[in-house]
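What follows is a short report on a single structure.
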Amino acid sequence: MGHTATAEAGSGGLTATEHRLANGLRVVLSEDHLTPVAAVCLWYDVGSRHEVKGRTGLAHLFEHLMFQGSKQVKDNGHFELVQGAGGSLNGTTSFERTNYFETMPAHQLELALWLEADRMGSLLTVLDDESMENQRSVVKNERRQRYDNVPYGTAFEKLFALAYPEGHPYHHTPIGSMADLDAATLEDARAFFRTYYAPNNAVLSVVGDIDPEQTLAWIEKYFGSIPAHDGKRPPRDGTLPDIIGEEKRLLVEAEVPSRALMSAYRLPHDGTRACDAADVALTVLGGGESSRLYNRLVRRDRTAVTAGFGMLRLSGAPSVGWLDVKTSHEAEVPDIEAAVDEELARFAEEGPTDEEMERAQAQLEREWLDRLGTVAGRADELCKYAVLFGDPQLALTAVGRVLSVTADEVKEVAQARLRPDNRAVLVYEPIAPEQAPDAPDTDVNEAAEIEVQEEEAAK
């Protein structure tokens, strides 16, 4: 069954239709005949927030196991078949979901749907000790290469451990700990699959040069016989007070190229108007080279080489505003921190100018257009709003909500949230700087993405 959505105001003329199979699988289709390609995106409503103490990293480990073969597709066959057909693919894990996606030539869409259905329905038949050990080693090596042995690589992990209390579902990040990865058993993985990898815990979106009727027929053919199963445990409650209540601070002495100041501020939940206002505020303050902090620290004071303030939106817990400043030459962190606090206090008192509002909202609108401008990006956004907010149509009008935010709302959220008693602070102090590894800095946006995206080569 399903219904067709007409183009809503602010959707740019984009439309989507929604359907549900008898086994509970939600399906979202969006036609786009501009180019002969089609994107398939499958979101499972499971992420690191669903994990329990002692088994962190299991959601991410299982993402890797999903590329290890299924009943009719052996070993690395998923990659080989998609790439051999001229397509691309990957999967990612975040706090709140795990997703898998392919972009295919339109005439190869059926192949992608068959592949996703085969591993949803039959992975347990081939999951064994060998594949478990293989992917456990891959994930542990990924942690070494991208987190433990990279300058500032564990910053995101450390800040989340400070900003979210022990026992909170967002206290640990998706990569998990080495000890927990070692402790995970084959039965843990099988139980995880049985609990979360079911059609009634997933949303499938298909976007691009498609025939909706034929696409639905293929989806019914390949996914319709996969049984639903219950037993999913809801994630632990992520509710927290609006304000941390005190500044939490950690000094890290490490072999890094320069001193760094990083802070995590507790912000409103995604899906709220206050969250949109916070996004505008952080864009004015630290979104690019025209922002207040970049102009102050990099251009005027010349105490920093990078200065960014970005936002990681979260729906099941307070979102995070991430401040990331790398120092210039011998600049001292206390001087930078004093300048940051001065700028934040001034912004909270005065609010944004009309010009800053226009520029920030235009920047966020462009980012929205970038996401929806590709079939893969649109498929992902439709899944996101279906899984996290229950309505995929919200993806098509999200920018309208950001553009309706007022300067007073931006000022209000800055006053309420961008305060010293509502942040976790991480200060990096180099040791043996002349021997520090020559590695590129990780800016705010890259730091957030590094926790939720896994490189294809890692598999």
His60 and Val139, any side-chain heavy atoms less than 4.5 Å apart: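 When only atoms from C-beta onward are counted, His60 and Val139 do touch, with a gap below 4.5 Å.
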Is any NZ, NE, NH1 or NH2 atom of the basic residue among [X] and [Y] found under 4.0 Å from an Asp or Glu carboxylate oxygen of the other?
X: Asp148; Y: Arg143; result: yes
X: Asp180; Y: Lys53; result: no
X: Arg313; Y: Asp279; result: yes
X: Glu51; Y: Arg55; result: no
X: Arg378; Y: Asp32; result: yes
X: Glu18; Y: Arg20; result: no

Strictly by salt bridge (charged side-chain N to carboxylate O under 4.0 Å, His left out), give each pair with a member in [range] just once, sequence neighbours left out.
range: residues 118-131; result: Glu102-Arg119, Glu116-Arg119
range: residues 189-205; result: Glu187-Arg194
range: residues 358-369; result: Glu355-Arg359, Arg366-Asp370
range: residues 75-89; result: none

Output side-chain donor-acceptor pairs under 3.5 Å for residues 34-49, partner residues at least two apart or in another chain, one line each.
from	atom 1	to	atom 2	distance (Å)
Trp43	NE1	Asp380	OD1	2.9
Asp45	OD2	Lys232	NZ	2.7

Tell me which pairs pass side chain to side chain donor-acceptor pair (under 3.5 Å) where either residue lies in residues 203-212, with sequence neighbours left out.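 Residue pairs with at least one partner in residues 203-212: His33-Asp209.
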When rounded to the nearest 0.5 angstrom, what distance separates [atom1] in [X] from [atom2] in [Y]?
X: Met262; Y: Asp324; atom1: CE; atom2: CG; result: 4.5 Å
X: Arg97; Y: Asn201; atom1: CZ; atom2: CG; result: 13.5 Å
X: Ser94; Y: Leu388; atom1: OG; atom2: CG; result: 7.5 Å

Any luck finding a side-chain donor-acceptor pair between Thr283 and Gln363 under 3.5 Å?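 Not at all, the side chains of Thr283 and Gln363 share no donor-acceptor pair under 3.5 Å.
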Would you please name every residue forming a ring-ring contact (aromatic ring centres under 6.0 Å, His included) with [X], sequence neighbours left out?
X: Phe62; result: Phe192, Phe193, Tyr197
X: His168; result: Tyr164, Tyr170
X: Tyr294; result: none

Listed partners of Asp230 passing salt bridge (charged side-chain N to carboxylate O under 4.0 Å, His left out), at least two apart: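 Per chain and number, Asp230 pairs via salt bridge (charged side-chain N to carboxylate O under 4.0 Å, His left out) with no residue.
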Once salt bridge (charged side-chain N to carboxylate O under 4.0 Å, His left out) is applied, do any residues pair with Arg401, and if so which ones, sequence neighbours excluded?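 Testing Arg401 for salt bridge (charged side-chain N to carboxylate O under 4.0 Å, His left out), a comparison that skips the adjacent residues, returns none.
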cation_pi(Lys326, Tyr152) dist<6.0 Å, angle<=45: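 Satisfied, under 6.0 Å and within 45°.
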Of all pairs that satisfy ring pair (Phe, Tyr, Trp, His ring centres under 6.0 Å), the ones with a partner from residues 261-280, not counting sequence neighbours: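 Applying ring pair (Phe, Tyr, Trp, His ring centres under 6.0 Å) to every pair that reaches into residues 261-280, excluding sequence neighbours, yields Tyr265-Phe309.
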Restricting to non-hydrogen atoms, name the atom on Gly208 and the atom on Val375 that form the minimum distance, rounded to 0.1 Å.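 Nearest heavy atoms, Gly208 then Val375: CA-CG1, 3.7 Å.
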Kindly say whether His50 contributes a backbone atom to a donor-acceptor pair with the side chain of Arg233 at under 3.5 angstrom?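 Looks like no, no N/O pair under 3.5 Å.
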Please assess Val138 against Gln135 for the test side chain to side chain contact (heavy atoms under 4.5 Å, CB included), listing each intermediate value before the final yes or no. CA-CA 5 Å; Val138 169; Gln135 292 308 305; 4.0 Å; yes
Among Arg266, Arg417, Arg419, which one satisfies salt bridge (Lys or Arg N to Asp or Glu O under 4.0 Å) with Asp242?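 Going through the options one by one, the only one that passes is Arg417.
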Would you check, one step at a time, whether the test side-chain hydrogen bond (donor to acceptor under 3.5 Å, both in side chains) holds for Tyr147 with Glu142? CA-CA 8 Å; Tyr147 300 81; Glu142 179 185 342; 4.6 Å; no
